[in-house]
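Let me begin by presenting the structure, written as structure tokens, before commenting on it.
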There are 2 protein chains.
Amino acid sequence: MRQVGDLSASVGYAMKEAASALRSAMDDALRPLDLSVSQYSSLEVLGQRPGISAAELARRTFVTRQSMHGVLTGLAARGLLTRPDAAPQGRALPTELTAAGRDLLRQASRAVAEVESRMVEGLSAEDLRRLHGDLVRCAETLRGGTTTG
Amino acid sequence: MRQVGDLSASVGYAMKEAASALRSAMDDALRPLDLSVSQYSSLEVLGQRPGISAAELARRTFVTRQSMHGVLTGLAARGLLTRPDAAPQGRALPTELTAAGRDLLRQASRAVAEVESRMVEGLSAEDLRRLHGDLVRCAETLRGGTTTG
DNA sequence: CACCGTATGTCAGGATACTGACATGCGGCA
DNA sequence: TGCCGCATGTCAGTATCCTGACATACGGTG
């Protein structure tokens with residue numbers, strides 16, 4: 001393949017299309033809770049990995065740590081999470097959800113789960129498993145940095 | 001499913017991961033040509049559908065027409081595309097690539113095709129076809145607006 | 001003809017994410 | 001001990017994208 005060619009046949013275009021539709025649907029679902037997708041993602045990761053650093057959180061939500069800094073500042077101002085003033089060791093400031101944060105996360109996670117299940121409602125369990133595996137493989141391959149293959 | 005649950009099992013999370021990796025790889029591949037992903041996407045769509053309006057172009061590249069306005073202004077200033085001063089009919093201004101635009105698109109499309117083929121290098125032709133179909137189906141289902149399913 | 005709904009282009013403002021840069025803390029190594 | 005590499009947090013500036021709003025042009029309907 002020398003060039004991209006017909007976009008309707010491009011996997012990358014389809015991925016962008018699906019990701020865009022997902023983001024848009026998540027935005028709609030989260031708007032009543034006054035949460036952006038990035039904010040929700042941060043809460044969700046923090047719920048599963050309490051006490052991780054902002055840099056680690058950034059990597060897991062696929063943004064830079066500079067962007068994550070702004071997100072955390074906003075969420076902390078709303079009392080949804082807490083960060084120590086000083087690092088207990090090294091430079092990392094372990095972040096944790098407050099009770100309010102956990103409560104809002106519960107609502108948000110429910111709304112997002114609805115979006116996700118609607119998204120894949122036309123797929124069988126096996127299709128779903130394979131789709132998930134293929135997506136993860138694509139991401140790993142790209143990040144791997146194999147220049148050509 | 002009431003909540004999202006383990007993120008490593010979430011299709012939405014995997015989709016975000018893959019889309020993020022793809023965008024990042026495309027950014028790297030396009031940087032030498034001084035093109036952003038949005039700019040490249042616009043050129044690619046314009047190459048396949050010369051003369052479409054900015055609003056139509058925006059829909060096909062998954063951004064708002066306001067964002068597209070800025071993209072087109074920038075590309076036009078670089079002489080990569082042309083837009084008439086007045087609409088030949090209605091309000092739509094049919095946009096077309098210049099020779100320089102087509103030339104740059106050719107280079108960009110080659111770079112992006114390399115990224116795409118690297119991304120799916122671990123998948124068989126049938127896997128690829130199915131992945132593409134599943135992604136398109138997910139996007140259509142989400143946009144369909146079925147509230148629950 | 002007048003009115004209304006829809007689509008397009010555009011301007012303004014704000015939110016978000018990125019690159020670049022700098023300081024701090026830890027660990028390895030001479 | 002001193003030096004270097006690396007990771008983290010943070011600030012500043014820039015680029016990008018979004019929502020909201022307004023004017024314009026077309027088509028349908030009374």
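Residue numbers start from 1 in every chain, and the chains themselves are labelled A, B, ... in the order their sequence lines are given, proteins ahead of strands. All heavy atoms count here, side chains included; hydrogens, waters and symmetry mates do not.
- In this model, the phosphate group of D:dT19 is not approached by any side-chain N or O of B:Thr64 to a distance below 4.0 Å at OP1 or OP2.
- For A:Met68 and C:dC18, the CE to C1' distance is 14 Å, given to the nearest whole Å.
- Remark: the B:Thr64 side chain and the B:Ser67 side chain contain an N/O donor-acceptor pair separated by less than 3.5 Å.
- Side chain to side chain, B:Ser41 and A:Lys16 meet the donor-acceptor criterion of an N or O pair below 3.5 Å.
- A:Glu17 and A:Tyr13 are not linked by any side-chain donor-acceptor pair at a separation below 3.5 angstrom, with hydrogens and angles left out of the test.
- For A:Glu121 and B:Thr141, the side-chain atoms include no donor-acceptor pair closer than 3.5 Å.
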Run the numbers on A:Glu56 and A:Arg60 for salt bridge (charged side-chain N to carboxylate O under 4.0 Å, His left out), then give the verdict. CA-CA 6 Å; A:Glu56 178 65 23; A:Arg60 290 181 184 272; 2.9 Å; yes

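- Positionally, the nearest nucleotide of DNA chain C for A:Phe62 lies more toward the 5' end than for the other of A:Phe62 and A:Gly90.
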Protein-proximity profile, nucleotides 1-15 of chain C, B/S/- by nucleotide at the 4.0 Å heavy-atom cutoff, equals -------BBBB----

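- Put simply, CZ on B:Arg31 is 18 Å from P on D:dT14, counting in whole angstrom units.
- For the residue pair B:Ser124 / B:Asp127, a side-chain donor-acceptor distance below 3.5 Å is found, with atom types taken as modelled.
- Dashed line: the shortest gap from a side-chain N or O of A:Ser67 to OP1 or OP2 of C:dC18 is under 4.0 Å.
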